[in-house]
Every structure is written in C-alpha cells, then in structure tokens.
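This report refers to the structure that appears directly beneath it.
Throughout, residue positions are numbered sequentially from 1 according to the sequence presented. Each ligand, and each atom within it, is numbered from 1 in the order the structure gives.
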Amino acid sequence: MNLKRKDILGMRELEAEEIALILDTAESFKEVSTREVKKVPTLRGKTIINLFFEPSTRTRSSFEIAGKRMSADVINISASTSSVVKGESLRDTVQNLEAMAADVIIIRHPASGVPHFLARHLRQSIINAGDGTHEHPTQALLDLFTIREKKGRLAGLTVTIIGDITHSRVARSNIFGMRKMGMQVNIVGPTTMIPVDIEKLGVRVFSRIEEGIEGADVIMALRIQLERQNQSYLPSLREYARLFCLDLARLERAKPDVLIMHPGPLNRGVEIAPEVADGPYSIILDQVTNGVAVRMALLYLLIGG
Ligand code: CP
C-alpha cells in the first residue's frame, strides 16, 4: 500500500490504513538510529527544505536528523534570517525554493491553513510541521507510534488530554488520529480552553482532572499556549496549576501502568509536576526519539519511492 497523497497536511485527511502504514514504516526505520553509522542511502540526491516561521526545537531538528540519516540534503530556513524580513511574501519565498528544485518543503507557520495553500500551488510535497491552532500531524503520528510501541495496540485504549485544547494543534491532530485508530479520548481543561461542540469529534469532556484521568491508559499534558491567546483565559498560571497540574497524587486515579506524555516544551510546575515528567511512567523522551523514525518514514513514503 502507498500513501494516497503528495502532502501531509493533517490527521483529519489521513485514513486509518495510511496511519497504520506510516507507523509500520517508522518501525522499520527506528533501527537505523541505533546503528554505529546512522545513515542509509534511501534519499540520496533528494533535497529537503525546513521552512520555519515559528520557533521549534524538536520538530525542526528531528526533520533535519531524519533527512540526514537518509542521506538527503537538508536546508533550514527560519523567517527571521530569510528575506521575509525584507518584505518578501510567503508565496514568493516558496516559489524561489521551488525554483531550486526542492523535493519536499516542511513548513511551520503561525497562520492556520498555510501548508494547504502551498500544497495547492506547488508541485513539491508539503509537510505541515504545525499551522497556527489547526494541526500538527507529525506530532500526532509520533505520539501514536509511541503509544503503540509501549502498549502493543491502539484500539480500545483510553487517552486523557489535559490543558489548553482550544489553542492546541497537537490536541486537534491527536483527537483526529486517535479516534480513527479506535481509541477513546477524554478532554480535560478549564471551560474557557475547551472548544464549543468538541464532543462532535467523539471525545468526552471533563472539567475536573480527577474525573478525566480515572482509568486512563495514557495521559497527555499540554502547555498553555499563551502566545496564541489574544485575551486572558485564566485568572493566573498558579490557579491553573492548582486545578490542573498533573501531579503524583492525581496520577493515582489512572491505571497502574499509565503512560505519561507531553509534546514539549514543558512548563514544569504548571501543567506537569517535575516528579511526574521525570518519573517512571513518563515516556516524554521516547516521544522525541520516535519523532525521528516517524519523520524518516514520512519522507520515505512521500519522496523515497
Ligand atoms: N512538539 C513540538 O512541536 O515541539 P517544538 O515546538 O520544539 O518543535
């Protein structure tokens, strides 16, 4: 089976069979990163452009590592060091990159829909590395991969996502992906940070963290996205932490073999207590490790054939 598309824009579009294909392919690529010489020739002669209009540690560097481990040429461009600061438009910027024969453009942008706009106008494959509050599909794919690796399955598991759901592209992508893979999703957060009608996506909503994590197999804590909030949704971060911080006492409500996840960056003591982030249930750094394998799989499936 192949992917049915030239671009990876969101989990909403991907079919369950395509998600399974990406996870299976990532499984075979994970081994490359354990070798003494972490390199295969799969993408020799291909050019990958990382075009980031927002800060990133994990996503940008793992795409770069993924491309380099597959022998592709990888170019990183950030808005602050490009001709965007001289007034060049997004369309002109990417048309110039297209003229240099890039094979895939990976884009992160603060405006929702920008990757979709590029996908309509460019021949190259486009990968959405996070667009505004809309989607972050590669994060959801690495999250699904990590859960499947640890639990041996996805269908039938209950995942509780805690935090600023309204402004979280990670939450949206995970909800789409997890529901497609047969998982139950619980949402927990202040009512000001839960989108109206989110139940229509097939999730259960809780306003008390203790109820939302009861019986959870996996708990995912999210950062409050202050940079995307144009008004105050909370009395204070201290108040948020009092009501929603994932600490050891609250964890007791979850299953004994619960997994703790966070997409990063962490705000320790706000959405997650340090002893939980660093504790035995945490698989936060496994998520980061698996991000490389999942992104290798995506690059292979889009431009490696
Ligand atoms: N999870 C994630 O997108 O992290 P970065 O912002 O560091 O890429």
Side-chain angles (χ1 to χ4, degrees), residues 8-12 14 22-23 26 48-69 74-81 104-115 126-147 149 159 161-178 218-229 246 259-268 270-272 276-278 282-299:
I8 299 294
L9 301 177
M11 297 301 286
R12 184 172 218 152
L14 281 179
I22 294 164
L23 304 191
I48 296 168
I49 294 186
N50 262 329
L51 181 57
F52 276 59
F53 288 79
E54 281 188 343
S56 170
T57 297
R58 284 147 287 267
T59 312
R60 196 199 59 75
S61 53
S62 67
F63 266 118
E64 181 175 357
I65 290 168
K68 286 181 171 169
R69 287 196 180 154
V74 185
I75 286 99
N76 295 307
I77 301 174
S78 65
S80 59
T81 54
V104 56
I105 297 176
I106 297 151
I107 182 155
R108 170 172 286 189
H109 200 281
S112 300
V114 162
I126 303 294
I127 301 180
N128 181 0
D131 63 326
T133 57
H134 181 225
E135 281 226 40
H136 191 348
T138 64
Q139 179 69 44
L141 288 165
L142 75 88
D143 291 340
L144 288 171
F145 180 89
T146 307
I147 296 169
E149 181 181 63
V159 181
I161 305 178
I162 306 167
D164 179 7
I165 310 299
T166 298
H167 302 97
S168 173
R169 54 197 181 200
V170 174
R172 283 174 61 81
S173 285
N174 264 309
I175 290 168
F176 290 132
M178 288 171 176
V218 179
I219 302 175
M220 183 180 294
L222 298 176
R223 185 175 64 87
I224 304 290
Q225 309 259 311
L226 290 173
E227 73 276 22
R228 301 191 200 286
Q229 298 179 5
L246 186 59
L259 301 176
I260 304 301
M261 304 180 80
H262 193 304
L266 306 182
N267 287 133
R268 290 166 181 264
V270 179
E271 71 270 11
I272 190 163
V276 174
D278 303 327
S282 174
I283 55 167
I284 293 170
L285 292 178
D286 297 275
Q287 291 173 261
V288 179
T289 300
N290 290 334
V292 175
V294 166
R295 289 169 176 129
M296 287 172 86
L298 283 171
L299 293 170

request  = Quick one: do Asp131 and Arg172 satisfy salt bridge (charged side-chain N to carboxylate O under 4.0 Å, His left out)? Show the steps, please.
outcome  = CA-CA 11 Å; Asp131 63 326; Arg172 283 174 61 81; over 6 Å; no
query = Do Ile162 and Glu271 touch side chain to side chain, with heavy atoms closer than 4.5 Å?
reply =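 A side-chain contact under 4.5 Å is absent here.
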ask   = Between CD of Glu64 and CD1 of Ile106, what distance do you get to the nearest 0.5 Å?
value =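 Answer for the CD-CD1 pair, Glu64 versus Ile106, is 10.0 Å.
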message = We want to know whether His136 and Arg108 form a side-chain donor-acceptor pair, criterion being a heavy-atom distance below 3.5 angstrom.
response =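 Yes, side-chain donor-acceptor contact under 3.5 Å.
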request  = Any pair with a residue in residues 282-299 that passes salt bridge (Lys or Arg N to Asp or Glu O under 4.0 Å), sequence neighbours left out, goes on the list, sorted by first then second residue, please.
outcome  =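 Listed once each, the pairs are Lys150-Asp286.
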request  = Anything with a heavy atom under 4.0 Å from ligand 1 counts, so go ahead and list those protein residues by chain and number.
outcome  =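 Answer by chain and number: Ser56, Thr57, Arg58, Thr59, Arg108, His136, Gln139, Pro263, Gly264.
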task = Inspect the surroundings of CZ in Arg12 and state if more than 12 heavy atoms from other residues, nucleotides or ligands are less than 6.0 Å away.
result =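 Not more than 12 within 6.0 Å, no.
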